[in-house]
Each structure stands twice: as C-alpha cells, then as structure tokens.
Enquirer: 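I'd like to ask you about the structure that follows.
Everything numeric here is computed off the predicted structure, so don't read it as measured data.
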Amino acid sequence: MWAAGAGRTQGLSARLAAAIISALFKGMFVDSLLLLKAAVMGLVEGLTEFLPISSTGHLILAGALLGFDDDKAKVFDIAIQTGAILAVIIVYWAKLRHTLWAVRYNADAQRLVMNVVLGFLPAVVLGLLFGKAIKAHLFTPEVVATTFIIGGFIILWAERRPASTVRIESVDDLRGRDALKVGLVQCLAMIPGTSRSGATIIGGMLLGLSRKAATDFSFFLAIPTLIGAGAYSLYKERALLSLADAPIFAVGLLVSFLSAWVCVRWLLKFISTHSFEVFAWYRIAFGIVVLVSAQMGWVTWAA
C-alpha cells in the first residue's frame, strides 16, 4: 500500500516536473522569439530613421509581418529611436562637444544651438496640438502611400534644380529664420509616410541649403526631436510597460544604435558624391507596396 502510494506520488511528481520544465522551455522560446523580433525592429529603425524613406512606414510593415504590432510594440517603435539618435551623437561627437564647450563665448556655437532650438520648437507646439488628431484621421493606406509617392517626386524635383539655388554651404552659415523654416517643414513628418529626415533634408535643400548642410542640420535637429518623442511616449504609455520588458527594449535600442551608426556614416560618405534620387524612386516603389499590401489585406496600416 505504501509502495503503491509512493509510486503514485513519484509519478505525479515526475509529471509535475515535466510540466514545469516544458513551461520553462516554452517561456524561453517565446522570450527568444521576442528578442529576435526586437532585434529585427531595431535593425529596421536604425537603417531607415535617417534616410529620406520614412522609418515609421517601414516599422509598420515589419511589425505587421512579424506580429509585433500591439500597443506595447508601438511604444517600443518610438522608444528605440533613442538608440538611433545616440549613433548621431557619437558620429558628431567632436562637433557637439566643441559647440557645447564654446557656447558660452563663441558666436558660431551660440548660433548653432539657437538654430537647433528654433528648429525644434515647431514640432513641440504642433505635435502637442495636432498629434492625436493626425493619428486618428490620417493614418490610412491612402495617405501613407500618397505621401510616399509625392515625397519621391519632390526629391526628384529638389535634386534636379540648378546648383545656383544653393546659398548656404555649411550648417555654420545657417540663419535663425532658415532654421525656423526647416523646423516648420519638419512638422510635415507628422503626416504618416512623409519621413522626418526626408522633410528636413529635402525641405532644407528647397530653402537654399546645400545637400551637406541640410543633412547635417537634419541630424542635429533629430537629437532633441527624437529624444523628446521617445521620452514623452514612454511617460504617456508607462502603464503598458513593466520591468519584464527591459530586455526587449535593451535589444531594440542596441541594434538600433549599431545599425544607425553604420547608416549615418555611410550616408555622409554617400551624399558627397551622390544625389538622393535613388531614395526618390525607392519611395515611389514603396508607396505602391503600401497600396497593394493594404488592398490584399497583408498589412493593417493603422496608427
């Protein structure tokens, strides 16, 4: 009797242990899969954030394909921009350090800081005023695709203008009113599919900045804009997050940083000998992808 009871107890214990081990391995698999998805999303963010091709559109597509598109994932998409912007800080560290050190007494450093502030303010004001309405009403496949395609044709137009239209060769020559205008143009990026970097770089070129000056100022302007957007999103949606999410966010931030570091360095070399026309054609093609994927039901293009 005692032997039979012991046997049943051992059998129950074995089954319980097997169930626990199975659950643990299943949990590890799910965690590993989530980490892999986070790494892929970080890669997409880092490679597209500073190219004029809209990181948001690509993150939506990647998230839909990976099944990584719930409310928490949308916070993740914004938060990992901080990793990408850290890459800009590293690449431009010498310039940033000199500017911050000399801002007390150097007029050029003071002007650059003031220009970044002037360019940043419109996004803060208009983002707070219209951000919710834009997400509620403009995030449709038709809007995303249209802005992709129109943006592509605007890039082609900007690149094919005569060189004589350039009046600002260096970011150090930028004036306050020019910085404010670029900041206003940056606000167009609130419309899904526009691209923040595309709006600031191409908008800057249309305002008379050289390709290099527009790209440099776009990077500088990204620092407060993306850090602010990431911090605001994390604070606003803090109820969705827990300590258990830290590894996923850490992986996304790390991969975003590394891929953005490679992309920024490549882009600075690329623009010295090439135009942005290749990105224009890519945008037009991607706009068609958005329409087709939405019509076929492959991707849900929603905020």
Enquirer: Using the rule that two of Ile, Leu, Val, Met, Phe, Trp, Tyr join whenever any of their side-chain heavy atoms come within less than 4.5 Å, decide whether Phe50 and Leu254 are in one cluster.
Expert: yes
Enquirer: Tell me, which pairs form a salt bridge (Lys or Arg N to Asp or Glu O under 4.0 Å) where one or both residues lie in residues 206-217, sequence neighbours left out?
Expert: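 Listed once each, the pairs are Glu159-Arg211, Lys212-Asp216.
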Enquirer: I'd like to check the side chain to side chain donor-acceptor pair (under 3.5 Å) partners of Thr200; sequence neighbours left out, ordered by chain and number.
Expert: Ser218
Enquirer: Suppose the criterion is salt bridge (Lys or Arg N to Asp or Glu O under 4.0 Å): which pairs have a residue in residues 104-132, not counting sequence neighbours?
Expert: Asp108-Arg111
Enquirer: Could you pull out all residues at least two apart from Ser197 that satisfy side chain to side chain donor-acceptor pair (under 3.5 Å)?
Expert: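 Ser197 satisfies side chain to side chain donor-acceptor pair (under 3.5 Å) with Ser195 once adjacent residues are dropped.
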Enquirer: For Phe217, which residues count as a ring-ring contact (aromatic ring centres under 6.0 Å, His included) partner, sequence neighbours excluded?
Expert: none
Enquirer: According to a 4.5 Å side-chain heavy-atom criterion applied to Ile, Leu, Val, Met, Phe, Trp and Tyr, with indirect links allowed, do Val278 and Val264 form part of one hydrophobic cluster?
Expert: yes
Enquirer: Tell me, which pairs form a side-chain hydrogen bond (donor to acceptor under 3.5 Å, both in side chains) where one or both residues lie in residues 259-276, sequence neighbours left out?
Expert: none
Enquirer: If you look only at pairs with a residue in residues 80-93, which of them pass as a salt bridge (Lys or Arg N to Asp or Glu O under 4.0 Å), with sequence neighbours excluded?
Expert: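 For residues 80-93: none.
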Enquirer: Just list the side-chain donor-acceptor pairs under 3.5 Å for residues 219-240, sequence neighbours left out, or say none.
Expert:
{"residue": "Thr225", "atom": "OG1", "partner": "Leu221", "partner atom": "O", "Å": "2.8"}
{"residue": "Arg238", "atom": "NH1", "partner": "Tyr235", "partner atom": "O", "Å": "2.6"}

Enquirer: With sequence neighbours excluded, what pairs up with Glu49 under the side chain to side chain donor-acceptor pair (under 3.5 Å) test?
Expert: Ser55
Enquirer: Within the side chain of Asn115, is there an N or O that forms a donor-acceptor pair under 3.5 Å with the backbone of Leu174?
Expert: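 Flag set: sc Asn115 to bb Leu174 pair under 3.5 Å.
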Enquirer: What pairs with Arg175 under side chain to side chain donor-acceptor pair (under 3.5 Å), at least two apart in sequence or on another chain?
Expert: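 Arg175: side chain to side chain donor-acceptor pair (under 3.5 Å) contacts with Asp178.
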Enquirer: May I have all residue pairs that pass side-chain hydrogen bond (donor to acceptor under 3.5 Å, both in side chains) and include part of residues 276-289, sequence neighbours excluded?
Expert: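 Every pair satisfying side-chain hydrogen bond (donor to acceptor under 3.5 Å, both in side chains) with a residue in residues 276-289: His58-Tyr282, Arg160-Glu277.
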Enquirer: Residues in ring-ring contact (aromatic ring centres under 6.0 Å, His included) with Phe76, at least two apart?
Expert: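 Partners of Phe76 under the ring-ring contact (aromatic ring centres under 6.0 Å, His included) test: Phe68, Phe249.
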